[in-house]
Amino acid sequence: MELIKVTTEVVPHVALVEINRPKEMNALNIQVITELVGALKEMNSDDRVRVVVLTGNEQAFAAGADIKQMAEKSEAEMTASDEFRIWDEITRFPKPLIAAVSGYALGGGSELAMMCDFIVAADNATFGQPEVKIGTIPGAGATQRLTHAVGKSRAMELMLTGRFFKAQEAFEAGMVARVFPTSGFMEEVIKLASEIAARPPIAVQLAKRAILDAYEMPLAKGLMEERKKFYSTFSTLDQKEGMRAFLEKRKPNFTGQ
Ligand code: CAA
């Protein structure tokens with residue numbers, strides 16, 4: 001069975017990637033993450049793809065790392081295999097990557113969503129970092145990314161209790177960008193993805209990179225990087241087209257160059 005289903009052009013320039021392990025609530029074993037990383041690599045070199053939507057099914061985006069696969073491992077085995085290293089590849093994907101979360105996004109599932117550029121949630125979505133309830137801690141980024149997203153106090157309360165929280169709370173805390181009704185959810189997500197896909201792709205990817213710099217660089221360096229990227233857009237045809245179209249009061253025709 002394919003663990004990752006890819007539809008390259010669900011609408012023009014938008015690829016849909018579905019995690020497909022429904023019986024196990026889309027628990028993320030090594031095979032799922034390896035297939036996902038492989039699929040992203042292919043989409044990176046596919047010029048038709050400008051935006052990728054990562055989703056699960058209505059019941060679960062993903063209920064975490066696979067507990068069966070890791071339960072009996074020793075510290076030495078966990079350290080030697082360093083399974084989360086391959087997850088880092090997801091954060092290096094240069095095109096916009098949207099997490100569309102319906103149902104459960106728990107543990108590594110919520111962390112996978114947070115590795116994406118932003119999260120859009122169905123109103124039935126349930127998030128949580130329940131690792132402390134099973135004797136461990138988040139290992140795929142939540143202590144850092146959730147804390148950046150919602151602030152120290154809320155992050156502490158959520159991760160020290162391990163309690164579940166719903167889409168609306170995640171939205172109000174700043175973890176989720178948009179919440180849509182569960183019925184018609186994917187249509188709304190695809191519409192949003194299409195809006196981004198209609199923008200000039202070089203500028204979109206530069207903006208993404210510059211925003212991520214805000215997490216990874218001191219402010220002064222991030223500002224310098226932003227300025228360099230801003231100037232670099234003036235070497236693109238799409239910048240000329242975008243600004244000329246504005247001045248000529250017409251719609252721009254972007255070519256991705
Ligand atoms: N790993 C492996 N299998 C899982 C799983 C997981 N994370 N989550 C669910 N499953 C499996 C269940 O074992 C069950 O399988 P069987 O039918 O073979 O028993 C099947 O999926 C359906 O699950 P439930 O019967 O439990 O369904 P439910 O509706 O009663 O509950 C749930 C759903 C609330 C998601 C519950 O399954 C649950 O709490 N899952 C575990 C959540 C969790 O602790 N995640 C963190 C994992 S650790 C981690 O992710 C570390 C990290 O930082 C990367």
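Note that this is a predicted model, so its numbers are computed, not measured. Whatever order the structure lists them in is the order used to number ligands and atoms, beginning at 1.
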Neighbour count >12 (heavy atoms, 6.0 Å) for atom [atom1], [X]:
| X | atom1 | value |
| --- | --- | --- |
| D82 | CG | yes |
| E58 | CD | no |
| K240 | NZ | yes |
| Q59 | CD | no |

Flag the pair E216 and K221 as a salt bridge only when some basic side-chain nitrogen lies within less than 4.0 angstrom of an acidic carboxylate oxygen. no

Quick one: pull up CG in L112 and CD1 in I33 and give me the separation to the nearest 0.5 Å. 5.5 Å

What residue and heavy atom of the protein are closest to [atom], and at what distance?
| atom | value |
| --- | --- |
| atom 35 (C) of ligand 1 | L106 CD1, 3.6 Å |
| atom 46 (C) of ligand 1 | G107 CA, 3.9 Å |
| atom 1 (N) of ligand 1 | I67 N, 2.9 Å |
| atom 27 (O) of ligand 1 | M25 CE, 3.7 Å |
| atom 8 (N) of ligand 1 | A63 CB, 3.5 Å |
| atom 18 (O) of ligand 1 | K68 NZ, 3.4 Å |
| atom 44 (O) of ligand 1 | P130 CG, 3.6 Å |
| atom 3 (N) of ligand 1 | A27 CB, 4.0 Å |

State whether any protein heavy atom lies less than 4.0 Å from [atom].
| atom | value |
| --- | --- |
| atom 20 (C) of ligand 1 | yes |
| atom 30 (O) of ligand 1 | no |
| atom 10 (N) of ligand 1 | yes |

Under 4.0 Å to a heavy atom of [X] - the qualifying atoms of ligand 1, by number:
| X | result |
| --- | --- |
| G108 | 49 (C), 50 (O), 52 (C), 54 (C) |
| G139 | 52 (C), 53 (O) |
| P138 | 53 (O) |
| E111 | 52 (C), 53 (O), 54 (C) |

Can you tell which of I196, V51, L40, N44 makes a side-chain contact (heavy atoms from CB on, under 4.5 Å) with K95?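 Only one option passes, and that is N44.
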
Under the criterion side-chain contact (heavy atoms from CB on, under 4.5 Å), which of T34, V37, L36 is the partner of I4? L36

Option with minimal heavy-atom separation from atom 48 (S) of ligand 1, where the choices are E24, Q129, K23, M70: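 The nearest heavy atom belongs to M70.
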
How about E172 and Q168: does a side-chain donor come under 3.5 Å of a side-chain acceptor? yes

Distance only, no hydrogens: is a donor on one side chain within 3.5 Å (strictly under) of an acceptor on the other, for Q257 and E241?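 No.
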
If we only count N/O pairs under 3.5 Å, is W87 in contact with ligand 1?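 No; the residue has no nitrogen or oxygen that sits under 3.5 Å from a nitrogen or oxygen of the ligand.
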
Going only through I, L, V, M, F, W and Y residues with side-chain contacts under 4.5 Å, is there a path from L206 to M217?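 Result: no, two separate clusters.
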
